[in-house]
Amino acid sequence: MTTTLVRTERRDKVLVIIIDNPPVNAGSLAVRSGIAAAIDLLARDPALEGAVLIGAGSTFIAGSDLREFGKPLEAPELPQVIASIEDCATPVVAALHGAALGGGFELALGCDARVGSPGLVVGLPEVTLGMIPGAGGTQRLPRIVGLPTSIEWICAGTRVPAAQALEAGVLDALAEGALLDAAIEHLKSMRGRKRLLRNEPVPPSDDIAVASAEERALKAGKGRPQVREAIAAVKMAAAEPVDVALLKERAVFTRLRLADEAFALRHLFFAERNAPRRPELARAPVPDIGRIALIGAGLMGTGIAIAALDAGLEVTILEQSTDALTRGRMRIEDYYQSRVEGRKLDAPSAAKRLARLAMTSEWTALASAQFVIEAVFENLDVKQQVFRSIDRAAPAGAILATNTSYLDVDAIARATTRPQSVIGLHFFSPANLMKLVEVVRGSESSDVALSAGLALAKKLRKLPVLTGNAFGFVGNRIFAAYRRHCEYMLEDGATPQEVDAALESFGFAMGPFAVADMSGLDIAWRMRQATAFSRDPAARYCTIPDLLCEMARFGRKSGAGYYSHEGGGRGKPDAVTLEVIRKARESRGRVAQPMSVETIQLRAMAAIVNEAALVLEEGVTDRPEDIDVVLVNGYGFPRWEGGPIHWARRQPASKLELGMKLLQEAADGRLRRGNLGLLLEKP
Ligand code: NAD
């Protein structure tokens, strides 16, 4: 039998069903129909003893075709295909390699046994996409691993490696040699017996373990509806007859897949997948980078070093003094020690990583450097000085990157004799955890250098986004506009805690003033001082953050900023700050007005959306979706809203217009208004 995407072969008395839908065998209508037809063939041929379901190429079914989820699903739907496997009199074994995720894993759970290859990962990522598994995943998995583990894996979308899946009983066997042969052998050992998970009992688990798994999942999943629904569905496995529970699970899946949140998360899924893909760079070679040199062992240098060591690279860090080198090394060693103590990493693995780290203060150490990343103080003179030294020390062909937050990459590149090799690589703090990296194209950056920047970011398991060389690139530029308008709100009558609470209730991980206190008010202060000459003297300027800095209120690190940080934690409202705000307001002749939560949210969102339009207009990025990727992955914008562009596209025109009007008023009529049409057009 042959359909375009599924074919069958006979091996003796076994039907081998091969799914062949490159590149990742995504489950789709054609794949489902093909499998259903093959199972029909099996059911009608008494000479066959059973079937093995296997993926062609490098993987089993790595997930379902997400584009189908936004539309009506066509029959046969996955539950029907799984039911036909279960109803078939002879057993079906799933032979799994690569990834068996989402619908692919549910299909495997509907088979009578599962044999896996050592490199396999299995998992149910639906919750991370705003849904719950809808083809029995929440009912069949608990019958193997119990309720607490199912809650944990399903709510987090955990990817479970083969060895762990075998230990948990999800795999019946691990194939040491050829996967297909092992699966056929396993099928023969079943002697024609069926073994349906749906008929198995859920192993008992104590209520406390279930409650604590539930609590952890809700906390990590920020209480989103799909997390609550997934927990309820898993618990049904132990409480309801399986057929009733399967129907209920499907009904929840069907409702959630068409809800706003699932559309937003699917939008981000595609935007994030697309961000590193740059067809215009396709002809540049993609180097395999095995080692990097870092200049500066401060906060960012050591964070990037950890990311590189974790990814298996050799790392050399250059610092200006022995003291700074010692502090940098201690920071990295302390990090690995805490990982070992917290049982996140075993001691030999930590030692291996540290063995790949070299620290030096000799520029000659750069003689064989492949890729150099500078992370010294945010000061143009210092950075130019450093790039002159790099230029002298690094071999021809090396890629030179700066981690600057705001400075002009071209001005830095001009300090070298090879500006074509210079790019920006803007990591976020903490650099070992944050996935986002802005890869900045200077006016002379070559495609080879940019392609290498993207390749390095991917190697470090980061999410690279290509941006133009403009003040603050994409992220800091938009964030600066947002923060400025939030500061105006203080002068206009809101308190820091009101603004923070309103934006946190919108979904931001932290409000802007809590963020400022955490990262330090002095950074933006220095930046404002350095750029004061370029400011329009007639533009509205809020002095509150400057006044706080002049009082040495830099945030958490100095014990006070917008909030008081005596006693730790995220800080308490502080009368001193409120007095600073009152005086600043008075001196500017502004009158405090009560501000509703909705107004705060709309003004903040309008500031972000307007600046995003300007960023597009100026060509700092050519992709609106990349702005969503940046704000969600670097600035705590709520993932479930899909990013500010996706949010804006879903708002009524009248609401956006009101937002722009409020923004214009807040800017005392001097708003540089972006063309929202650029971002509202859907591709
Ligand atoms: P930091 O002050 O923690 O570290 C800077 C390090 O550079 C210090 O250890 C210093 O000794 C070293 N250094 C200075 N001059 C040097 C020289 N000539 N040769 C060798 N080493 C030298 O600063 P940081 O927070 O790590 O920031 C570094 C860069 O990263 C800046 O450009 C900053 O704007 C950028 N950045 C910072 C963050 C953040 O959140 N801190 C985020 C993104 C980007």
Side-chain angles (χ1 to χ4, degrees), residues 293-307 316-332 335 359-366 369 372-394 400-409 411-412 415 422-440 457 462 464-465 467 469 471-477 479-480 483 510 515-531 554-557 630 633-636:
L294 282 157
I295 317 299
L299 182 70
M300 295 307 288
T302 51
I304 299 167
I306 290 168
T316 300
I317 309 188
L318 185 143
E319 256 288 354
Q320 51 189 356
S321 70
T322 327
D323 271 4
L325 276 176
T326 311
R327 274 197 308 274
R329 178 177 271 284
M330 270 173 57
R331 198 180 302 193
I332 297 172
Y335 168 80
M359 314 278 300
T360 181
S361 50
E362 300 294 335
W363 287 100
T364 49
L366 261 60
V372 185
I373 305 175
E374 163 279 313
V376 303
F377 304 132
E378 183 75 350
N379 175 298
L380 186 58
D381 292 337
V382 176
K383 291 209 192 269
Q384 285 177 328
Q385 188 64 45
V386 165
F387 268 79
R388 269 181 220 112
S389 305
I390 299 174
D391 193 29
R392 280 192 294 270
L400 317 181
T402 169
N403 183 45
T404 180
S405 307
Y406 293 98
L407 298 174
D408 178 3
V409 173
I412 294 170
V422 179
I423 58 171
L425 268 191
H426 182 221
F427 288 83
F428 288 71
S429 175
N432 53 312
L433 295 181
M434 297 287 283
K435 288 197 76 180
L436 184 67
V437 178
E438 288 177 310
V439 180
V440 185
K462 303 287 178 196
V465 171
T467 79
N469 174 32
F471 179 79
F473 316 122
V474 168
N476 278 346
R477 160 86 180 268
F479 191 77
R483 192 176 50 206
M510 283 171 103
V515 169
D517 271 13
M518 186 187 66
S519 45
L521 275 68
D522 48 326
I523 301 172
W525 188 36
R526 276 201 304 272
M527 194 259 295
R528 283 193 301 277
Q529 287 168 336
T531 55
F554 298 131
R556 279 189 206 181
K557 61 177 149 190
V630 168
N633 289 286
Y635 297 86

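Start at 1 and go down the list; that is how both ligands and their atoms are numbered.
- Each of the atoms 33 (C), 34 (O), 35 (C), 36 (N), 37 (C), 43 (C), 44 (C) of ligand 1 lies under 4.0 Å from some heavy atom of S405.
- Ranking the protein heavy atoms by distance from atom 11 (O) of ligand 1 puts E319 OE1, 2.9 Å first.
- Protein heavy atom nearest atom 28 (C) of ligand 1, with residue, atom name and distance: V376 O, 3.3 Å.
- Residue W363 places no N or O, backbone or side chain, under 3.5 Å from any N or O of ligand 1.
- Taking all heavy atoms of G424, G301, G475, G298 into account, the minimum distance to atom 1 (P) of ligand 1 is reached by G298.
- The shortest heavy-atom distance from F377 to ligand 1 is under 4.0 Å.
- Annotation for W363 and I390: closest pair CZ3-CG1, 3.7 Å, computed over non-hydrogen atoms.
- The shortest non-hydrogen separation linking L407 to L380 is CD1-N, 3.7 Å.
- Counting only heavy atoms of the protein, atom 20 (C) of ligand 1 lies nearest to Q320 N, 3.6 Å.
- Polar contact check, N403 against ligand 1: a nitrogen or oxygen pair lies under 3.5 Å apart.
- Residue-ligand proximity, I295 to ligand 1, at heavy-atom distances under 4.0 Å covers atoms 20 (C).
- Listed by number with element, the atoms of ligand 1 under 4.0 Å from a non-hydrogen atom of S429 are 39 (C), 40 (O).
- Residue M300 has at least one N or O atom closer than 3.5 Å to an N or O atom of ligand 1.
- Residues S361 and T322 are not in side-chain contact: their nearest non-hydrogen atoms beyond the backbone lie 4.5 Å or more apart.
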Worksheet entry | Trace of the salt bridge (Lys or Arg N to Asp or Glu O under 4.0 Å) decision for E378 with K383 | CA-CA 7 Å; E378 183 75 350; K383 291 209 192 269; 3.7 Å; yes

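- Side-chain contact annotation: T402 with E374, donor-acceptor N/O pair under 3.5 Å present.
- Aromatic pair F428/Y635: centroids less than 6.0 angstrom apart.
- When all heavy atoms of A305 and I317 are compared, the pair lying nearest together is CB-CD1, 3.8 Å.
- Residue contacts with ligand 1: S519 is excluded, as none of its non-hydrogen atoms falls under 4.0 Å.
- Scanning all heavy atoms of the two residues, the minimum distance from E319 to A324 falls at OE1-CB, 3.3 Å.
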Worksheet item: Under the side chain to side chain contact (heavy atoms under 4.5 Å, CB included) criterion, do H426 and V437 qualify, and how do the steps go?
Response: CA-CA 5 Å; H426 182 221; V437 178; 5.8 Å; no

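- The structure places NZ of K462 at 8.5 Å from CD1 of I304, a figure rounded to the nearest 0.5 Å.
- The K383 neighbourhood of ligand 1 comprises atoms 31 (C), 32 (O), with distances under 4.0 Å to a heavy atom of that residue.
- Residue-ligand proximity: E374 is placed with every non-hydrogen atom at 4.0 Å or more from ligand 1.
- Closest heavy-atom contact between A524 and R483: CB-NH2, 3.5 Å.
- Nearest heavy atoms, V439 versus L425: CG2-CD2, 3.8 Å.
- Distances from atom 3 (O) of ligand 1 to the protein include at least one heavy-atom value under 4.0 Å.
- Each of the atoms 43 (C), 44 (C) of ligand 1 lies under 4.0 Å from some heavy atom of H426.
- Distances below 4.0 Å separate heavy atoms of V386 from the following atoms of ligand 1: 17 (C), 18 (N).
- Interface atoms of ligand 1 facing F427, defined by a heavy-atom separation under 4.0 Å, are 42 (C), 43 (C), 44 (C).
- Not a single N or O atom of I523, backbone or side chain, sits closer than 3.5 Å to an N or O atom of ligand 1.
- The protein non-hydrogen atom at the shortest distance from atom 41 (N) of ligand 1 is L299 CD2, 3.5 Å.
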